[in-house]
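Here is the structure we will look at, set down as structure tokens.
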Amino acid sequence: MANLLKALKVIGNNFYGLLFGFTLGLYIDVDSGGFCPIEQIIILSIGLFIIALAIQCFFYLILRQSQKAATFTFAVLLWFFAFGAFCELSSQALTGLRLPIPNPNLFLFAYCIIGIIILCICNKVPNTAFMSKSMNTVVLVFFLLILSKEVAHVIPGEQLADKVLKVMRKQNGNIELSAASKPDIYYIILDAATSFDNLRDIYDMHNIDFSDYLKQKGFYVATSSKSNYDRTRFSVPSSLNMNYLNCLTPVLPKDAETDAAFTRLIQKAQVITSLKELGYKIVNVKSGATLTEYDPYADVNIGYSFGNQVYTTVALDMTVLGAIENRTDFIGRYCRAKQSWLFSHAEEVQKIKGPKFVLMHIFLPHQPFLFTADGHPLPLNKQIDGATYLEKYRGQAIYTFKGTEKIIDKLLMLSADKPPIIIVQGDHGPQMFLKGWPYSEAYLKERFGILNAYFLPGTKSTELYRSISPVNSFRVIFNQYFQTHLPLLPDISYYARPEYASCEWTAWHNDQKK
């Protein structure tokens, strides 16, 4: 009780510093396009609220005035998170005046001077009830404005998610599983992992060790496999629902953000719900990608914490930390730790008591390119193309394959008495040849060719074939292990226009034979 009273004394009637910290979490999502699941937004908002509370307590200990502590907290947070906007507006102003844009270090120096001036002004702010009420009101209005935008985004998104789930359930019909033995299932998605043929023909990679490794371990490698869709938000929901998404076109809006719908199509996918009804525990390994970072419906979320990589990187880029990235490698170190966690912690996943279905979405070898082939760090660079893209992708692919070998070795060693089912699969290929719309044939060949390998212990499946696509992966597994008789679907690859909201798909020819 005493600690609570002290905390209330620190806050007093001046809650605007704390509320501003909480609101920043919502604002980051609104500013970045509203692509982050609501549960992750809440986590970041609470985290920023705690940081704001710590800052306010710090200033209260120094100044012994709750209003000034709140004012300094507000100013520090505003200054820290406004750097990206300051640089953008300054660059636009200088360009409009036809003046050269100075070295980024000058922007940072000028911004630090501005910060000192702001702190001096805050120190002169009168300590009055009117000032407290004014600041509380301003921040409260800002909070309500941002909250209304979030609600306007979240509610329609959740309503759309319910619609698409119902349509997909109807499309799949009633699927019931039964099995005397329930092996663990590991679905390892290597983001943008292309086929071995593409690695050889496009990326000049010959005698790939990973291909030989998979075959030696007993994997069936579908050498001519192609993704069913050209991007993650379509391909992963399709594979986990064992069906194409084209049935959803009538209910998907043409000009609205639909990530909530595709996220729920993963979290409540046919594969996951059917296995859960059979008694499987659902384990989600935190990926850093928006769609698969956190699953509120999973039994376990495990992995490197500190949030959604895409969302967190956007947040950090807004701040002063983004300005000193080339010196501190702060964001790069975070991204590397996030993506390499599973390579050295697979035993933590395996030790979760089963039977279990484990979704391992690894955001590699997809750019940003973070690793050399030997695992050495690369400076964070998000805009790479041409020959540089080829070189960086090739190195990161080798690093990813080495890490995946560690995962597989650990899983097989720790499960020797009851070998698990393992799928290693790319969700789509890379994009070195992406030059805009309309897509070239070279790009589509690169984009659709994927790595696709299966470890199916205790059975010699006759349903696997070299051009099998992800939409049929779990149809084969359910037929082989869970007493279903699901027909295999035609293997078709679909692409959409590059606009993010586009959900109108066009079929690309696939002349591969079974």
Side-chain angles (χ1 to χ4, degrees), residues 185-230 232 234-236 238-244 271 365 397-398 400-401 404-405 408 419-430 433 441-481 484-495 507-514:
I185 304 174
Y186 295 93
Y187 188 23
I188 304 175
I189 301 174
L190 303 182
D191 208 299
T194 194
S195 65
F196 292 129
D197 285 351
N198 278 352
L199 290 176
R200 181 194 65 229
D201 299 338
I202 299 174
Y203 289 88
D204 196 27
M205 295 173 64
H206 302 271
N207 302 319
I208 303 169
D209 293 340
F210 190 48
S211 176
D212 295 333
Y213 167 87
L214 290 171
K215 293 174 183 176
Q216 290 170 4
K217 290 292 182 180
F219 279 78
Y220 177 89
V221 180
T223 55
S224 300
S225 182
K226 291 180 172 57
S227 175
N228 299 112
Y229 291 92
D230 63 332
T232 306
F234 304 147
S235 62
V236 177
S238 172
S239 63
L240 284 173
N241 284 283
M242 306 182 294
N243 222 316
Y244 291 99
V271 168
I398 293 173
T400 304
F401 295 156
T404 306
E405 289 180 16
I408 294 172
I421 297 168
I422 304 176
I423 301 176
V424 181
Q425 195 172 85
D427 55 345
H428 55 73
F433 291 135
E441 281 294 305
Y443 166 72
L444 292 173
K445 178 182 178 182
E446 173 196 31
R447 190 67 169 177
F448 281 120
I450 57 168
L451 166 66
N452 194 3
Y454 302 82
F455 183 79
L456 305 181
T459 180
K460 291 186 178 180
S461 175
T462 58
E463 291 186 295
L464 292 176
Y465 50 97
R466 64 189 181 94
S467 61
I468 186 173
S469 63
V471 75
N472 284 315
S473 296
F474 286 99
R475 287 176 174 265
V476 169
I477 289 173
F478 279 12
N479 289 345
Q480 292 294 316
Y481 293 91
T484 60
H485 302 281
L486 302 173
L488 299 190
L489 303 178
D491 298 302
I492 306 172
S493 298
Y494 289 98
Y495 63 92
W508 180 62
H509 69 82
N510 186 345
D511 56 2
Q512 298 292 342
K513 305 297 182 183
K514 291 188 179 184

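Counting from 1, the numbers follow the sequence of the chain as shown.
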Next item on the list: Evaluate the ring planes of F210 and Y213, with Trp represented by its six-membered ring, and classify them as parallel (under 30°), tilted (30 to 60°) or perpendicular (over 60°).
Entry: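 Rings of F210 and Y213: parallel, under 30°.
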Note to self: Would you call the rings of F448 and W508 parallel, tilted or perpendicular, taking 30° and 60° as the class edges?
What the structure shows: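 Plane angle under 30°, so parallel.
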Hey, could you give me the [atom1]/[atom2] distance between [X] and [Y], rounded to the nearest 0.5 Å?
X: I421; Y: I185; atom1: CD1; atom2: CD1; value: 4.5 Å
X: H428; Y: D230; atom1: NE2; atom2: CG; value: 8.5 Å
X: Y481; Y: T484; atom1: OH; atom2: OG1; value: 12.5 Å

Note to self: Using the rule given for side-chain contact (heavy atoms from CB on, under 4.5 Å), can you reason through T194 versus I450, listing the C-alpha separation, both sets of side-chain angles and the distance that settles it, and then say yes or no?
What the structure shows: CA-CA 4 Å; T194 194; I450 57 168; over 6 Å; no
Between [Y] and [X], is there a side-chain heavy-atom distance shorter than 4.5 Å?
X: F401; Y: S211; result: no
X: Y244; Y: V471; result: yes
X: I423; Y: I477; result: yes
X: F196; Y: V221; result: yes
X: R447; Y: P430; result: no
X: E405; Y: L214; result: no
X: V236; Y: I189; result: yes
X: F219; Y: I422; result: yes

Nearest heavy-atom pair of [X] and [Y]: which atoms, and what distance?
X: P420; Y: F455; result: O-CD2, 3.2 Å
X: L464; Y: I468; result: CD2-CD1, 3.9 Å
X: D427; Y: A192; result: OD1-N, 3.0 Å

Determine whether a donor-acceptor pair (N or O, by modelled atom type, separation under 3.5 Å) exists between the side chain of [X] and the backbone of [Y].
X: Y186; Y: V424; answer: no
X: S469; Y: S225; answer: no
X: S493; Y: K226; answer: no
X: N472; Y: L489; answer: yes
X: R475; Y: M242; answer: yes

Using distance alone, with no hydrogens and no angle criterion, decide if [X] and [Y] have a side-chain donor and acceptor under 3.5 Å apart.
X: N452; Y: Y454; answer: yes
X: N228; Y: S238; answer: no
X: R466; Y: S224; answer: yes
X: Y187; Y: S239; answer: yes
X: N198; Y: E446; answer: no

Check: Does Y229 have its ring centroid less than 6.0 Å away from the ring centroid of Y495?
Finding: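 For Y229 and Y495, the ring centres are not under 6.0 Å apart.
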Check: Is the ring centre of Y443 less than 6.0 Å from the ring centre of F433?
Finding: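 Centroid distance Y443-F433: not below 6.0 Å, so no.
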Next item on the list: Any salt bridge (charged side-chain N to carboxylate O under 4.0 Å, His left out) involving residues 198-216? Give me the pairs, sequence neighbours left out, ordered by first then second residue.
Entry: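 Sorted result for residues 198-216: D197-R200.
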Item checked: Heavy-atom neighbours of H485 NE2 exceed 12 at 6.0 Å ->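 No, the 6.0 Å shell around NE2 holds no more than 12 heavy atoms from other groups.
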Checklist line | Criterion side-chain contact (heavy atoms from CB on, under 4.5 Å) on L240 and F474, from CA distance to verdict | finding: CA-CA 7 Å; L240 284 173; F474 286 99; 4.2 Å; yes
Check: Between L451 and L199, does a side-chain contact (heavy atoms from CB on, under 4.5 Å) hold up when you go through it step by step?
Finding: CA-CA 10 Å; L451 166 66; L199 290 176; over 6 Å; no
Next item on the list: Would you check, one step at a time, whether the test side-chain contact (heavy atoms from CB on, under 4.5 Å) holds for E463 with L488?
Entry: CA-CA 9 Å; E463 291 186 295; L488 299 190; 4.2 Å; yes
